[in-house]
2 protein chains.
Amino acid sequence: MHQDEITRIRNFGRSVAVEVGALEDSFLNRGRPLGAARVLNAIGLGYENLSELRAFLRLDTGLLSRLLRGLEAEGLIETKPNPNDRRSRIASLTANGKEEFDIYEKLSDERAATILARHKHARRLLDAMDIVTVALSREDIAFEEADYASGIATKCLSAFAAELSKRLKLEFDLKKSGDPELSQMKPPHGTFVVARLGDMPVGCVGVKGTGVHFAEVKRMWIAPAARGLGLARRMMTTAEDAARALGIDTLRLDTNSALFEAVSLYRNMGWTEIERFNNDPYPDLFFEKQL
Amino acid sequence: MHQDEITRIRNFGRSVAVEVGALEDSFLNRGRPLGAARVLNAIGLGYENLSELRAFLRLDTGLLSRLLRGLEAEGLIETKPNPNDRRSRIASLTANGKEEFDIYEKLSDERAATILARHKHARRLLDAMDIVTVALSREDIAFEEADYASGIATKCLSAFAAELSKRLKLEFDLKKSGDPELSQMKPPHGTFVVARLGDMPVGCVGVKGTGVHFAEVKRMWIAPAARGLGLARRMMTTAEDAARALGIDTLRLDTNSALFEAVSLYRNMGWTEIERFNNDPYPDLFFEKQL
DNA sequence: GCATTTATCTGACTTTAGTCAGATAAATTG
DNA sequence: CAATTTATCTGACTAAAGTCAGATAAATGC
């Protein structure tokens with residue numbers, strides 16, 4: 001049984017290795033060795049500081065230096081000293097380099113589009129890919145404070161609202177659910193934290209400051225593709241730590257019994273059920289935790 | 001919208017590329033260059049004929065020859081002429097080579113197990129991986145005749161029965177559904193075809209010879225992970241071609257209206273609905289097609 | 001301000017990968 | 001059985017990737 005599961009993962013590994021190899025081949029068809037192509041790409045993606053580039057591509061200093069020299073000679077990139085620290089250098093694409101980078105991007109996009117085009121259930125395939133992406137890159141998920149009104153926060157919140165609507169079988173409206181004043185989810189009153197994998201939003205949580213010593217946890221959401229990896233616990237810990245750092249000693253939250261995974265997590269993390277403390281239409285369960 | 005989908009696929013591509021690279025690194029840690037490791041692995045997997053090896057690994061004759069010489073010098077493999085054609089050679093692992101191969105296998109298995117271990121919903125992750133595997137390797141799916149009693153056929157048939165039970169909300173029993181005499185699904189009376197991707201069963205169909213000029217199509221099944229790629233149509237075409245080749249001019253089949261994808265495929269492929277022609281408990285729709 | 005650290009570059013290598021034109025020997029073809 | 005084809009090997013390359021010991025120049029620490 002277990003061996004059968006391993007086999008499935010290894011079959012998966014084999015087929016993606018082939019796909020990765022095919023993409024590299026299509027890169028090589030541009031006549032440039034893979035090393036140079038990778039550097040050009042990384043610069044195009046925004047890695048401009050040479051030490052960042054080196055870390056990202058895991059290249060030796062000497063090797064990177066030579067590859068940069070080569071791309072410079074081709075007129076694809078420029079390097080100049082970092083004005084803040086003239087020991088280090090910054091690389092950037094020239095107009096020609098940008099053109100070449102765009103061609104590589106287009107090759108990648110085309111491969112992706114081809115995979116998608118021959119599949120009738122695009123949604124299902126993409127969801128499957130997201131699950132795998134998150135499972136493989138769990139270590140790279142970053143938890144960071146974000147403005148409640150920022151782009152990434154908005155993405156999280158609308159996914160959160162859509163899911164609640166589905167789970168609670170009603171039209172959930174953020175506005176009707178004590179949508180906080182922006183200032184309440186921002187230091188010094190509160191905070192809003194998002195978890196992301198690159199630019200893919202995988203979770204969020206808000207701490208809404210409603211008084212000096214207490215606050216409310218709101219908008220706790222984990223992307224469907226990211227479930228089962230223990231992120232919700234990490235998310236809640238992050239929220240509690242942030243609250244503590246803001247001088248808050250009591251947290252409370254409202255939730256709905258239909259969200260059973262969340263409810264069992266709260267109980268499991270030392271939250272205790274309390275009486276209803278608001279008149280919001282959606283929640284039917286209320287919790288509190290002393291920090 | 002479309003760009004967003006492309007982005008999701010490319011995020012996927014990036015994370016699997018990292019994973020593929022990490023596996024290769026762990027192979028390199030055995031102190032052998034990747035080329036040699038790949039050859040050793042391929043031999044371990046059963047590619048023994050040198051020309052097969054070359055095709056599988058896409059290596060130049062000279063390069064493969066040198067890599068083999070290196071592995072031979074390390075005492076990991078042996079080559080001997082093919083007794084049937086002494087121009088060609090056969091490679092095999094020595095005891096030491098088998099040991100080394102097993103270590104590579106173990107490294108791969110461990111990476112797979114690690115991914116699995118940190119995920120709570122193993123089933124969901126594995127299903128996602130299967131969907132991706134099939135989507136990426138669609139070209140490699142082989143349709144071939146198989147014995148109705150063979151291992152791969154049995155896997156298909158039990159998956160088929162499990163799915164019918166679920167879809168028809170009852171305990172489906174192959175035995176109660178006109179389970180054919182083995183000889184009826186074998187030439188010269190009929191045939192049984194499976195579609196597989198490596199050793200992963202992705203579909204099956206049987207042609208049950210019930211008379212000289214007519215036959216029944218039975219057990220048409222496509223694995224859930226393989227849906228949306230147009231395999232069902234290919235499967236049915238294969239069955240019809242096989243029937244024609246056996247001198248059959250009329251095909252019929254029974255099905256259930258709950259299997260709506262299959263029903264619409266039949267209509268779409270020129271099958272016409274007919275009267276009930278048996279007393280099986282499961283079907284409620286009956287079709288016929290003149291070849 | 002002088003020693004140390006940091007970031008990068010250069011030169012001189014080695015290893016790995018890949019290419020290609022013969023050479024060799026065993027089938028196959030007519 | 002001679003000519004051709006097929007399968008592999010060898011030698012002589014080239015290109016790409018990677019390593020490592022200085023060199024250089026700018027920041028930093030004390």
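Because the structure is predicted, anything quoted here is derived from the model rather than measured. Chain letters run A, B, ... following the sequence lines, proteins first, then strands; residues in each count from 1.
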What nitrogen or oxygen pairs link the protein and nucleotides 11-15 of chain C at under 3.5 Å?
{"from": "C:dG11", "atom 1": "N7", "to": "A:Arg66", "atom 2": "NH1", "distance (Å)": "3.1"}
{"from": "C:dG11", "atom 1": "O6", "to": "A:Arg66", "atom 2": "NH2", "distance (Å)": "2.8"}
{"from": "C:dA12", "atom 1": "N6", "to": "A:Arg66", "atom 2": "NH2", "distance (Å)": "3.4"}

Please tabulate, one pair per line, each protein N/O and nucleotide N/O from nucleotides 4-7 of chain C that are separated by under 3.5 Å, including the distance.
{"from": "C:dT6", "atom 1": "O4'", "to": "A:Arg87", "atom 2": "NH1", "distance (Å)": "3.2"}

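With sequence neighbours left out, the ring pair (Phe, Tyr, Trp, His ring centres under 6.0 Å) criterion links B:Phe12 to no other residue. Residues passing the side chain to side chain donor-acceptor pair (under 3.5 Å) test with B:Arg10, sequence neighbours excluded: A:Glu105, A:Asp109.
In the helix from C:dG1-D:dC30 to C:dG30-D:dC1, the end axes, each obtained as the rotation axis mapping the C1' atoms of four pairs onto the next four within a five-pair block, lie 20° apart to the nearest 10 degrees.
A salt bridge does not link A:Asp102 with A:Lys106: none of the charged nitrogens is closer than 4.0 Å to a carboxylate oxygen. Between A:Glu144 and A:Arg196, at least one side-chain N (NZ, or NE/NH1/NH2) sits under 4.0 Å from a carboxylate O, which counts as a salt bridge. Classification of A:Glu5 and A:Arg8 as a salt-bridged pair fails, no side-chain N sitting under 4.0 Å from a carboxylate O.
Comparing A:Arg32 and A:Arg86 along DNA chain D, the residue whose closest nucleotide (by nearest heavy atom) sits nearer the 5' end is A:Arg32.
Atom CD of A:Glu52 sits about 11.5 Å away from atom CD1 of A:Ile43, to the nearest 0.5 Å.
Using a 4.0 Å heavy-atom distance criterion, A:Leu64 is classed as making no nucleic acid contact.
Heavy-atom distances under 4.0 Å link DNA chain C to no residue of residues 18-29 of chain A.
In the set D:dC9, D:dT19, D:dA17, the nucleotide with an atom closest to the side chain of A:Leu34 is D:dA17.
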